[in-house]
Amino acid sequence: MDSSAPTPAASPDRYNFLDAEARWRQAWADAGCFRVKTDPARPKYYVLEMFPYPSGKLHVGHVRNYTMGDVVTRYKKARGFNVLHPMGWDAFGLPAENAAIAGGVHPATWTYENIATMGAQLKLIGLSYDWDREIATCHPEYYRHEQKMFLDFLKAGLAYRKESWVNWDPVEHTVLANEQVIEGRGWRSGALVEKRLLSQWFLKITDFAEDLLAGIETLDRWPERVRLMQANWIGRSEGARLRFAIADTDESRDFQGETVEVFTTRPDTLFGAAFCAISANHPIAKRLGEQDPAIAEFNAECNRIGTSEAAIETAEKLGYRTRLSVAHPLVPGLALPVYIANFVLMEYGTGAIFGCPAHDQRDLDFARKYGLPVRTVVRPQDGEAAEIGTEAFTATDGVLVNSGFLDGLAVPDAKRKVIERLETLGVGTKTIQYRLRDWGVSRQRYWGCPIPIIHCPDCGIVPVPESELPVRLPDDVSFDQPGNPLDRHPTWKYVKCPHCGTDARRETDTFDTFFESSWYFARFCSPRSDKAFERADVDYWLPVDQYIGGIEHAILHLLYARFFTHALKRCGYLGITEPFAGLFTQGMVCHETYKSDAGAWLYPEEVFTKDDGAHVDAAGHPVAVGRMEKMSKSKKNVVGLETIVESYGADTARLFLMSDSPPERDLEWTASGIEGIWRYVNRLYRLVVESRPRLAAPGTKPDEAHIATRRILHKTIAALTEDLEQFRFNRAVARLRELSNHLEDVAAKADGATLREALDTMTVLIGPMLPHLAEELWQALGHDGLLVEQPWPVADPDLLRDDTVTMAVQVNGKLRATLELPRDVSEDAAREAALAQPTVQKALEGRQVRKVIVVPGRIINVVG
RNA sequence: GAGGACGUGGUGGAACUGGUAGACACAUUGGACUUAAAAUUCAACGGCUUCGGCCAUGCGGGUUCGAUUCCCGCCGUCCUCACCA
């Protein structure tokens, strides 16, 4: 329990971190170590952690990814790069409004207070930010630029307004984008999302579907997982669109000459078509509904059924047989019935399909249910067409049958040929269909960037003139009733039309808050510019070389930001298409959960451990220990940042967060773990302080032991450098411990020069992870100036290679001996040495040696 | 339903490109120091063993001189998307 952890007191043999950490943070700030400027003469490196939403307070779980960015920044700086490492606040969002509703505090006040709190917390842990570049996206000097961008997008045809069925979150009282609906629920509220028909602003992300997909190939420093998720989200499929003419019958006089357009990925199965099905929101379904209350009711029912996993699994596939039928485009005289079906989505393809029961499972189920014919048109490559029972034949390596001019063709050839025919007939075309849909950016909320549009009864949609930007949020708003305060504001929305001067009204929706985070990385390049950013600055700094954030943004933010970069390029803002060259997705910090016997969550510091290991609360009542879960305020399994920094120091917390667990995996925060790191930090301190007297000792003639120490030192430099390059922080920590363990063993007998080199170098190596301690030790070692400005050590290649190698000796694959042999030992000599081993002879048990495999420097395997 | 990842001691994890499995830690146990504790420090720490070894990287096969690593089939855990035509 954290509460049982002693507060380490300062003592002569203990590192006084409280004093030292504050002192060195001040020294970095005074020297402006992390203030950078555009300098094309120097190589640049841009490190960025996903900026936080200022929700209240940070706990130790938040700090992990900032520490990773800090380690990279300090390391790259030592390697000579001009490193940009900025921090800011993703400051628009619903929690501020909820706080306003609950507590009567204005969202702006709430937000800026949280920014002050969290900013101070971040400064406690010694992060290498250029604070001069701090931005908050709720500031008009930030959001004015995205209003301009939106107007530019509008001019470029990348923004449009359209009435469509959208996802409505009934708890947040706002629309959500498709990316923000997870298993049918709002991504933040968890409420079941409803479908509503609303007029909304969209950004044309689909214009870049192909570019965004192709771009994924170039992102070779992104996790494979994220690339795959994005590719799946974009969801490219090749197929055909084709039009079925509505059959001219007595029942369909009013649809004469009209067509039903469908999308299919299996145009080759067209001869097996048994029906057409359209979405309940298809224009034809709506027209039919207007005439027939039964159809209207069926359509409404389809919209009521949710899209959650449970709803989909249990919902029956329902069809409503309309009075319409369509003519098969290739089979004269064949008419197919038209159904309205609850499983056809208006949002994908054309909102209509043709059903081929023999070769699609869902179509087969539907056909069996409604007694439709099942006609096999693809047979297995070798063999006859099997009788279709309850399972469709969906393999695509078959051969076409019962399909007229397609008979005998393989599926891919048949696809090609049938599309050719459809194109000749003028009833269809080859198409590429994406799952990706345009990004709906309108939100019916106050605390966001106003959409700079005026609705005029005469002129329609009129952009706010650029000279009038920014459109500022009004301060005087009330949250005493649900809905959008901007819409209820007494005066704000009433304006004159900029064109004709008549009474008009402002757009009262604000942008999705993902709008702000879609370009902030560029704003950091010129945070005080009166333009969105300066071209010279973004040309130098972008793309971000190392981006660090949570996997939860694998699609949402990362896709929006990639799209924005394409769109900004098209509008002439910048010259790149991919904003983030390298991406790292870090794991979460977890902690045990505690529950009192009354069922209430308890904070770790409210829980005590008795001698027998039982857990109790302050009153001595038993406490149930739950499983490790992501630190979260709601379950109270959080450890306060200040608590840890005051008890152990920032460096101890930082090193703990970098140790043991690989950075992409979850990390368990434990009291014993932090204790262990604290002990290690003190050992490092003592190692240096106690070695100081020996540094003055004259260098003796270097003997074997000194060379061994230097070898270990230089191997550590090489390995640690490689680990940092590859984001293997846990291994880097292990290597540091190997080095310091060795130095502790030899310090008392090492010669001055060797010890000096080793301790100086070790101090530089711990710098990225333990920056305060490193400065303190650097000073203790007698150096002037700041360690943070020291160059990274370079390993001497001669010291990376030993004179001898340890080779394993196996007999039939089993280890029987190890041999210390000269590095350049010949294969013959190695073989002889191995065979001479008594253990080898014994293991052979008198058998003939059939073969000896020698892998230089590694292994000798005797096969007998 | 589609796609993907992972599975190593009591625990977190290491093992380069197929080459000595368990680095580095945490926990535990025992010893030293101490009036005692804390701190520090030394040692043991996968299992079994007749002390020669044997068995061990989820399970079963395969390839190989040699497999935690490659291939096939299971089992389990996790993630993403999902009525996508």
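Computed from a predicted model, the values in this text were never measured in an experiment. FYI, side chains are in, hydrogens and waters are out, and symmetry mates aren't considered; it's all heavy atoms of this structure. A, B, ... follow the sequence lines: proteins, then strands. Residue 1 opens every chain.
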Does B:A85 have OP1 or OP2 under 4.0 Å away from a side-chain N or O of A:Arg241? no
Looking at A:Arg266 and B:A85, is any side-chain donor or acceptor paired with a base atom of the opposite kind under 3.5 Å? no
Whole-Å gap separating C1' (B:U11) and CD (A:Glu592): 12 Å
Would the distance check show the side chain of A:Asn299 and the main-chain N or O of A:Ala285 forming a donor-acceptor pair, the cut-off being under 3.5 Å? yes
How long is the line joining CG of A:Leu228 and P of B:A5, in whole Å? 8 Å
OP1 or OP2 of B:A25 less than 4.0 angstrom from a side-chain nitrogen or oxygen of A:Asn730, does that happen here? no
Any A:Asn741 side-chain nitrogen or oxygen under 4.0 Å from OP1 or OP2 of B:A25: yes
Using a cut-off of less than 4.0 Å, is there contact between a side-chain N or O of A:Arg362 and OP1 or OP2 of B:C84? yes
A:Phe17 and A:Trp678 aromatic centres sub-6.0 Å: yes
Any idea if B:G9 is syn or anti, going by the 90°-from-0 cut? syn
Scan A:Val262 against the nucleic acid and name what it touches under 4.0 Å (heavy atoms): base, sugar-phosphate only, or nothing. nothing
Length of the line joining A:Glu224:CD and B:G4:C1', which is rounded to integer Å: 10 Å
Indicate, with yes or no, if the rings of A:Tyr648 and A:Phe656 have centres closer together than 6.0 Å. no
Using a cut-off of 4.0 Å on non-hydrogen atoms, how would the nucleic acid contact of A:Arg665 be classed: base, sugar-phosphate, or nothing? sugar-phosphate
Measure CG/A:Asp363 against P/B:A85 and give the value in whole Å, please. 11 Å
Contact under 4.0 Å: A:Lys814 side-chain N or O vs B:A21 OP1/OP2: no
Sugar-phosphate only, base, or nothing, as touched by A:Gln810 at under 4.0 Å among non-hydrogen atoms: base
Measure from the ring center of A:Phe275 to the ring center of A:Phe366 and say whether it is less than 6.0 Å. yes
Measure from CD1 on A:Ile551 to P on B:G4 and round the result to the nearest Å. 16 Å
